> 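A single structure is presented below for examination.
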Amino acid sequence: MRKKQAEDGENGMQTVKVFNVAMIYDEAGAGAPPLLLVHGFPLNREMWAPQLEGLAGLTRLVAPDLPGFGDTPMWAGEMWMNILAEALNEFMNRIDARPAVLCGMSMGGYLALAYYRIHADHLAGLILASTRAAPDTPEAAQNREKTAQLAREEGARPVVENMLPKLLAPATYRQNSELVDQVRASMLKTSPAGIAAASLAMKARADSRPTLPLIELPTLVIHGAEDQIVPVKEAEAMAHSIPTARFERIPDAGHLANLEQPEAWNAAVRRFYEQSFGVQLRGQL
Ligand code: MLT
């Protein structure tokens, strides 16, 4: 999923201290507005490898590991969406990436909507990928508690094995064993503490539905047609509630649409950049 990265190079893996935690991120490309890619749960920045490769000619791309995920250590304090939004804001400030287009995948989308409520003035646009605005149902909230407990007691593996078949479209899961293995290995890097804290943060997240009609920035809602975690119809309805949104359905893709169909996914982002900001992929003018 990830190309070999240079250590602390101009393009590649880098580190910045945010709220006393060394946040690790990958960076590629150049241009504005920068595209900040925030991973889902229990993933990390590795999930954006096809975007760092395929969209580097479009703009500056930045993909951080949130605290407790990938190579960023868990922080000592509590984890809530609003605190993560403040950490993300500080991160963007420290690396001079504001105003950005904030792209959040699933949990990253919950965070993007929380960020929008606090710091919309630091954004140029939003990409809501494989995500939803509604809060957890009572059943989902109960499952968060179970996930947190399972991670604390038995580590990341049982959580990862439970989630893996739901993250990909059924055909991808059956036919693309290389991708399945890559996603598994990547998710197993998540710290049990990160899984537990993020589960409870997702459980406690605000209902973002009232935010949707207030969004004034260019917004792309992008979703796999076969997403088993967030049904595509729900994402389409979310897009209809955002006055400025365009909706892109990615065929033959599940929850990890950007990994399953990277070319279609990247093409949708290119269209969004061109129509919203007049920015085109270099070499395609
Ligand atoms: C994710 O991909 O981030 C998760 O599926 C989000 C969730 O569990 O609600």
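No experiment lies behind these values; they were computed from the predicted model shown. Atoms considered below: every heavy atom in the structure, side chains included; atoms not considered: hydrogens, waters and symmetry mates. Both counts, for ligands and for their atoms, begin at 1 and track the order of listing.
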> Quickly, which of Glu46, Glu161, Glu178 forms a salt bridge (charged side-chain N to carboxylate O under 4.0 Å, His left out) with Arg184? Name it, please.
Glu161
> Return the closest protein heavy atom for atom 3 (O) of ligand 1 as residue, atom name and distance.
Phe41 N, 2.7 Å
> Ile83 and Met79: same hydrophobic cluster, using ILVMFWY side-chain contacts below 4.5 Å?
yes
> Could a heavy atom of Lys166 be found less than 4.0 Å from some atom of ligand 1?
no
> Does Met163 have a heavy atom less than 4.0 Å from any atom of ligand 1?
yes
> Numbering the atoms of ligand 1 from 1, which are under 4.0 Å from a heavy atom of Arg144?
7 (C), 8 (O), 9 (O)
> Just which atoms of ligand 1 are under 4.0 Å from any heavy atom in Tyr110?
6 (C), 7 (C), 9 (O)
> Out of all atoms in ligand 1, which are within 4.0 Å of some heavy atom of Ser106? Include the element for each.
1 (C), 2 (O), 3 (O), 4 (C), 5 (O), 6 (C)
> Please say yes or no: joined through hydrophobic side-chain contacts below 4.5 Å, possibly via intermediate residues, are Leu200 and Tyr110 part of one cluster?
no
> Tell me whether Asp65 is salt-bridged to Arg45, with the criterion being a basic N under 4.0 Å from an acidic carboxylate O.
yes
> Nearest heavy-atom pair of Ser199 and Thr147: which atoms, and what distance?
OG-CG2, 3.6 Å
> Check ligand 1 against Ile229 and write out every atom of the ligand that is under 4.0 Å from a heavy-atom position of the residue.
5 (O)
> Let me check something: do Met163 and Leu188 share a hydrophobic cluster, defined by ILVMFWY side-chain heavy atoms less than 4.5 Å apart, either directly or through other members?
yes
> What atoms of ligand 1 come closer than 4.0 angstrom to any heavy atom of Gly40?
3 (O)
